[in-house]
Chemist: 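Once you've had a glance at the structure underneath, I'll fire off some questions.
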Amino acid sequence: MGTSSRYCRRSPGARRVTFVSRGPIAIEDLVAHVASPVRGATAIFLGTVRAAPEDGAVSSIQYSGYEEMLEDELGRIVTEVETRWPGVAVAARHRLGDVPLGQASIAVAVGAGHRTDALDACRWVVEEAKRRLPVWKREIFRDGTTAWRDNADGRSPGEPVTLE
Amino acid sequence: MGTVRVRCRLFARYAEVTGEEVVEVTVPAPATVADVVRQLRAQVAQGHHLPEHPLVARNREHALPRDAVADGDELALLPPLAGG
């Protein structure tokens, strides 16, 4: 039996590694985790803090979360993607705390035999993460003011809560 | 006919508006998620600012208003999600 293809999982004899990062996400660690001689494709997604013109003078985004559920939910997403795309390896992390402009708040790496599976599975993980993870962000502006910001594609009160 | 004691957690703007992060709520048994939310809104200061039908998680999993709750459950009210 080979090593677990899941990043951040408790495996026999291994320490539990978290899906949550409190500092910069080490992308190379995620990539190394999904790399394998039998996987010819690796897809990587990074969601980074940006300063769009419509956002005003944002200096950073402060991410907070329901951390225990975030760990569980991201674990469920990884399990599900490994069921949908057998043979893929997934590594994912979400950062919490203050994330400066240009740095990643979420990173997903997927290794697969071929590019189609790697890209499709990576996109699926990202979309599910945005839809399901209990994470909230507060924009911090250069003048010191703050504002809560929702995802356009996140779930909101009143929406159906049925999950697949 | 007993009661159900649930540990409610509030996050982000919901914690901000109520000034509470953890609230113990007791409701008559049998009870649903919706029953607990209704009691919570009545019980905490500024509870009327919480939505009547918020996203909820029961014991760290997304849940529906009609889902049953059991004594000792943890119920989280989740503001609109903003991960990624």
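Below, chain A is the first sequence line, B the second, and so on; all start at residue 1. Note: hydrogens, waters and symmetry copies are ignored here, and every other heavy atom, side chains too, is used.
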Chemist: Let me confirm one number: the CD-CD distance from A:Glu68 to B:Glu74, rounded to the nearest 0.5 Å.
Modeler: 6.5 Å
Chemist: Side chain from CB out, backbone as N, CA, C, O: work out which of these in A:Tyr63 comes under 4.5 Å of a heavy atom of chain B, or both, or neither.
Modeler: side chain
Chemist: Using 0.5 Å steps for rounding, measure from the CG atom of B:Leu81 to the CZ atom of A:Arg131.
Modeler: 10.0 Å
Chemist: Given that the side chain runs from C-beta out, which part of B:Glu16 has a heavy atom under 4.5 Å from chain A: side chain, backbone, both or neither?
Modeler: side chain
Chemist: Which residue pairs pass the ring pair (Phe, Tyr, Trp, His ring centres under 6.0 Å) test when at least one of the two sits in residues 17-41 of chain B, sequence neighbours left out?
Modeler: none
Chemist: Please tell me if the side chains of A:Glu71 and B:Arg60 come closer than 4.5 Å, counting only heavy atoms from C-beta onward.
Modeler: no
Chemist: Just wondering, are more than 12 heavy atoms of other shown residues or ligands nearer than 6.0 Å to NE2 in B:His48?
Modeler: yes
Chemist: Does A:Trp148 reach the main-chain N or O of B:Ala12 with its side chain, forming a donor-acceptor pair under 3.5 Å?
Modeler: no
Chemist: Given the rule that I, L, V, M, F, W and Y join up when any side-chain heavy atoms are under 4.5 Å apart, are A:Leu119 and A:Val125 in one cluster?
Modeler: no
Chemist: Linking I/L/V/M/F/W/Y whenever their side-chain heavy atoms sit closer than 4.5 Å, directly or via other members, would A:Ile140 and A:Ile61 fall into one cluster?
Modeler: no
Chemist: With side-chain contact (heavy atoms from CB on, under 4.5 Å) as the test, pick out the partner of A:Tyr66 among B:Leu78, B:Leu10, B:Leu77.
Modeler: B:Leu78
Chemist: Please name the pair of heavy atoms, one in B:Gly83 and one in A:Lys130, separated by the smallest distance, quoted to 0.1 Å.
Modeler: O-NZ, 3.4 Å
Chemist: What are the two closest non-hydrogen atoms of B:Gly84 and A:Ser105, and how far apart are they?
Modeler: O-OG, 3.0 Å
Chemist: Taking side chain as C-beta onward, heavy atoms only, is A:Arg138 less than 4.5 Å from B:Arg13?
Modeler: no
